[in-house]
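In what follows, a single structure is set out as structure tokens and then discussed.
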Amino acid sequence: MAGKPILHYLNGRGRMECIRWLLAAAGVEFEEKFIEKTEDLDKIKNDGSLMLQQVPVVEIDGMKLVQTRAILNYIATKYNLYGKDMKERALIDMYSEGVADLGEMIMHLSLCPESDTPPAEKDAKLTLIREKTTNRYLPAFVHVLKSHGQDYLVGNKLSRADIHLVELLYYVEELDPQAFGQLPSALKARVSSLLAVKKFLQPGSQRKPPMDEKIIKVKKVFRF
Amino acid sequence: MAGKPKLHYFDARGRMEAIRWLLAAAGAEFEEKLIESSEDLDKLRYDGSLVFQQVPMVEIDGMKLVQTRAILNYIATKYDLYGKDMKERALIDMYTEGVADLGEMIMLLPLCPPDQKNTKLTLIQERATNRYLPAFENVLKSHRQDYLVGNKLSKADIHLVELLYYVEELDPSLLANFPLLKGLKTRVSNLPAVKKFLQPGSQRKLPGGEKSLERARKIFKF
């Protein structure tokens, strides 16, 4: 039964945002069920929907998938954004995982509430992110693109690796508009102007804003 | 050119062990180039072998793959341990990621400051008992098949069984109430390739002690 995928998460970026980006870039409409109170989360925990008692959960093609990577892999395969063979898939995975590593650092930074994180700790985290972005991650992706001179990271075709990277570039830019050295700006521009992505980037789409005062709410719902 | 895969890492489990297990269980022989000093690591970095300047790195089929999951996914596909279609792959991924979450907690425990270690250990025991082990036991209960997905050995079974060995090392009592998991552990351990890997003298790595941690700190500078 082919209904739209249903995304269960809080009304914020967190670990669901890359899934929203991927679906959107694939031109797939999706519904969202927001978890707003602890009771909402308990309800899906208790009805057996949550294999590991965690969200994200995505209902798609008769399955209730958990674990971000499982969900992303499935969507990428379904919408032909995962390369043409296993070697391309390996490259796509490599690049996606690099993006995820930096993305994780940035996400953790955004989850540090202003009130209880000592400024020195937050600064140290930010410095580390800047350092890794400038010296490790951005150069790696710039190098890949330079090495083949093609429009996309793998196989001269749009793949999830490009979408994940471009999403990350927006977060890097949010962190510091001056950005960190060389950005793969041509790729960012190219992907951003694809119709489905352009639509997603406009106000009013299902794209979520940065977490700020919402952090307190998040902490309450997920009890951490 | 089909030489054996070559694994670049230091002499410890760390993030390479899951790869060693998977290759071994697939019956694939592999070589290891051990990183013994920070100079060895620098050399790999300077000669452009490491996309993100990090190990694990595996040379396989003309590629220099980094990132554990990229490597594992490639190996699983190559050796037919990744299910028969995308839906099976989704289940395998789900279970694999659950294993990885608990496995990560266990792997990072030795790095914990001494005053937090007990709290972390208690959390691991709680999560294992109330979240992870029951989830996998329930999967096996739901279909009563020999393996987690599609009635066939897959990477999910191998990763889970590896984890069960670590859980047992941490606290043998944790597996007590999970008969189907114990059955899976026995079944997978008796597969000839796995049995061989479990024997002393194989490429399986022992738990790292203080010395191993010190060596890691020197090589990776943390």
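Predicted model, so just to flag it, every value in this text is computed and none were measured. Residue numbering restarts at 1 for every chain, and letters A, B, ... go by the order of the sequence lines.
Within a 6.0 Å radius of CZ in B/Arg15, no more than 12 heavy atoms belonging to other residues, nucleotides or ligands are found. Counting non-hydrogen atoms of neighbouring residues, nucleotides and ligands closer than 6.0 angstrom, the CZ atom of A/Arg15 reaches no more than 12 such neighbours. The environment of CD in B/Glu29 is sparse: at most 12 heavy-atom neighbours from other residues, nucleotides or ligands sit within 6.0 Å. Shown here is B/Asn177, whose CG atom has no more than 12 heavy atoms of other residues, nucleotides or ligands within 6.0 Å. Other residues, nucleotides and ligands contribute more than 12 heavy atoms inside 6.0 Å of the CD atom of B/Glu169. A 6.0 Å sphere centred on NZ of B/Lys218 holds no more than 12 heavy atoms belonging to other residues, nucleotides or ligands. In this structure, B/Tyr46 places its OH atom where only 12 or fewer heavy-atom neighbours from other residues, nucleotides or ligands lie under 6.0 Å away.
Taking NZ from B/Lys87 and CG from A/Leu65, the interatomic distance works out to 9.0 Å, rounded to the nearest 0.5 Å. The distance from atom NZ of A/Lys64 to atom CE of B/Met94, rounded to the nearest 0.5 Å, is 11.5 Å. Taking CE from A/Met94 and CZ from B/Phe52, the interatomic distance works out to 6.5 Å, rounded to the nearest 0.5 Å.
Side-chain N or O atoms of A/Gln53 include one that pairs as donor or acceptor with a backbone N or O of B/Asn130 at under 3.5 Å.
Contacts of A/Met63 with chain B are made by side-chain atoms alone, with heavy-atom separations under 4.5 Å and no backbone atom involved. A/Lys78 touches chain B through backbone and side chain together, each having a heavy atom under 4.5 Å away. The part of A/Asp101 that comes within reach of chain B is its side chain, from C-beta onward, which places non-hydrogen atoms under 4.5 angstrom from that chain.
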Q. Checking side-chain contact (heavy atoms from CB on, under 4.5 Å) for the pair B/Val66/A/Glu97: CA distance, chi angles, key distance, verdict?
A. CA-CA 9 Å; B/Val66 297; A/Glu97 287 295 307; over 6 Å; no
Q: Run the numbers on B/Thr96 and A/Arg69 for side-chain contact (heavy atoms from CB on, under 4.5 Å), then give the verdict.
A: CA-CA 10 Å; B/Thr96 298; A/Arg69 286 173 173 92; over 6 Å; no
**Q.** Verdict with reasoning, A/Asn73 to B/Arg89, per side-chain contact (heavy atoms from CB on, under 4.5 Å)
**A.** CA-CA 9 Å; A/Asn73 291 359; B/Arg89 221 161 40 234; over 6 Å; no
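When the heavy atoms of residues 141-165 of chain A are compared with those of chain B, the residues falling under 4.5 Å are A/Phe141, listed by number.
Of all the listed residues (B/Thr68, B/Thr77, B/Ile71, B/Leu91), the one sharing the greatest number of non-hydrogen pairs under 4.5 Å with chain A is B/Thr77. The greatest number of non-hydrogen atom pairs below 4.5 Å with chain A, out of B/Ala100, B/Pro134, B/Ala90, is found for B/Ala90.
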